[in-house]
Amino acid sequence: MLVLDAQGGGRAAIDSLVRHWQDRLYRHAYRLNGRADLAADVTQDAWIAILRSLPQLRDPACFPRWAYRVVTGKSADLARKRTRRRRTDTAFAVDNDDLSREPAPDAGLADEKSKLKAAVTRLPPGQRVVLEMHYLDGLSVGDIAAALDLPPGTIKSRLYHAREKLRGILGPPPE
């Protein structure tokens with residue numbers, strides 16, 4: 001297993017682990033922060049913490065939920081820092097609410113995919129994050145609950161309500 005090899009300290013195994021998980025962890029950071037530059041910073045900070053603590057991870061099978069939780073924690077740290085900075089630095093007007101910026105879409109997106117993506121962006125952030133973690137990243141309810149430090153029932157509820165809202169936005173499926 002890749003995590004076990006990386007725990008052994010092999011440089012090639014660590015590089016492989018980072019390559020395998022980088023995009024997923026970045027997407028999670030982006031979902032939580034809404035900006036590409038912040039997501040990159042959070043992901044970098046998370047990898048530093050992950051690699052420092054990797055030898056102490058007892059169950060390598062728990063790596064995904066653990067890594068997502070590290071990213072969630074680093075995102076919360078960044079939000080706290082940004083809030084403190086806004087309070088103390090009133091001399092500069094910094095727009096910290098640029099949550100509408102998304103990565104450039106692929107030119108060949110199908111119409112249905114575009115509609116679905118637009119509908120997902122209309123969901124409340126808590127529902128959107130949970131929905132994307134479940135369907136895009138393939139995480140289980142338990143893994144999402146651990147990563148976001150929420151009860152599994154809350155995750156199930158958010159998934160249910162997200163699906164219902166998407167049905168309302170998109171309408172009935174074509175026959």
Side-chain angles (χ1 to χ4, degrees), residues 1-7 12-36 38-51 53-54 56-76 78 99 102-106 108-170 173:
M1 177 180 236
L2 193 56
V3 175
L4 284 174
D5 293 341
Q7 282 181 317
I14 291 171
D15 290 345
S16 293
L17 184 70
V18 171
R19 273 193 310 277
H20 184 76
W21 286 97
Q22 174 66 22
D23 290 344
R24 295 178 205 190
L25 296 180
Y26 172 82
R27 278 193 313 268
H28 181 57
Y30 183 83
R31 284 190 292 264
L32 294 172
N33 295 287
R35 287 182 28 192
L38 298 178
D41 289 345
V42 164
T43 306
Q44 182 177 6
D45 290 346
W47 273 115
I48 291 168
I50 288 167
L51 295 176
S53 301
L54 188 60
Q56 286 81 38
L57 181 64
R58 291 183 185 175
D59 183 2
C62 291
F63 180 82
R65 73 169 62 182
W66 176 68
Y68 275 84
R69 189 171 186 149
V70 171
V71 171
T72 301
K74 292 298 179 182
S75 292
L78 178 66
L99 299 177
E102 290 191 28
D106 294 336
L109 286 179
D111 189 41
E112 292 80 20
K113 190 173 181 181
S114 296
K115 288 178 185 175
L116 179 60
K117 186 174 181 179
V120 169
T121 62
R122 293 175 55 190
L123 294 174
Q127 292 176 4
R128 181 178 37 82
V129 166
V130 169
L131 187 83
E132 290 177 348
M133 288 176 77
H134 186 68
Y135 289 106
L136 295 180
D137 295 337
L139 294 177
S140 69
V141 169
D143 287 345
I144 297 169
L148 299 178
D149 197 23
L150 293 169
T154 300
I155 303 304
K156 289 177 184 177
S157 175
R158 288 184 184 179
L159 279 171
Y160 172 80
H161 290 290
R163 288 183 203 116
E164 290 298 310
K165 283 190 180 175
L166 285 176
R167 280 187 194 101
I169 294 168
L170 297 172

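Because the structure is predicted, anything quoted here is derived from the model rather than measured. The first residue of the sequence shown is numbered 1, and numbering continues consecutively from there.
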pair Val71-Val42: side-chain heavy atoms closer than 4.5 Å: yes
Stepwise salt bridge (charged side-chain N to carboxylate O under 4.0 Å, His left out) check, Arg35 with Asp41: CA-CA 10 Å; Arg35 287 182 28 192; Asp41 289 345; over 6 Å; no
Rounded distance [0.5 Å steps], CG in Leu123 versus CD1 in Ile169: 5.5 Å
Interatomic spacing from CG in Leu51 to CG in Leu17 - rounded to 0.5 Å: 7.0 Å
Identified side chain to side chain contact (heavy atoms under 4.5 Å, CB included) partner of Val130 from the options Leu148, Thr154, Leu139, Leu150: Leu148
Tyr135 side chain to Arg163 side chain, donor-acceptor N/O pair below 3.5 angstrom: yes
Separation between OG1 of Thr43 and CZ of Arg27, rounded to the nearest 0.5 Å: 11.0 Å
Pairwise side-chain contact, Leu57 with Leu54, heavy-atom cut-off 4.5 Å (strictly under): yes
Pair Ile144-Asp137, side chain to side chain contact (heavy atoms under 4.5 Å, CB included): steps then yes or no: CA-CA 10 Å; Ile144 297 169; Asp137 295 337; over 6 Å; no
Pairwise side-chain contact, Pro124 with His161, heavy-atom cut-off 4.5 Å (strictly under): no
Closest non-hydrogen atom pair, Tyr30 against Ala36: CE1-N, 3.5 Å
Nearest atoms (heavy-atom pairs only) where Pro151 meets Ala145: C-CB, 4.1 Å
Side chains of Tyr68 and Asp143 in contact at under 4.5 Å (non-hydrogen atoms): no
Between CD1 on residue Ile155 and CG on residue Leu131, distance to nearest 0.5 Å: 11.5 Å
Closest approach of Lys74 to Asp45 (non-hydrogen atoms, all atoms of both residues): CE-O, 3.9 Å
Any donor-acceptor N/O pair, Thr121 side chain to Ala118 backbone, under 3.5 Å: yes
Arg128 to Arg31 - nearest heavy-atom pair and separation: NH1-O, 3.6 Å
Over-ring placement of Arg24 relative to Trp21, 6.0 Å and 45° cut-offs: yes
From CA spacing to verdict: side chain to side chain donor-acceptor pair (under 3.5 Å), Arg69, Thr72: CA-CA 5 Å; Arg69 189 171 186 149; Thr72 301; over 6 Å; no
Nearest heavy-atom neighbours spanning Arg65 and Ala146: CD-CB, 3.6 Å
Rounded distance [0.5 Å steps], NE2 in His20 versus CZ in Phe63: 9.0 Å
Which atom of Gly126 lies closest to which atom of Arg158, heavy atoms considered: O-CD, 3.8 Å
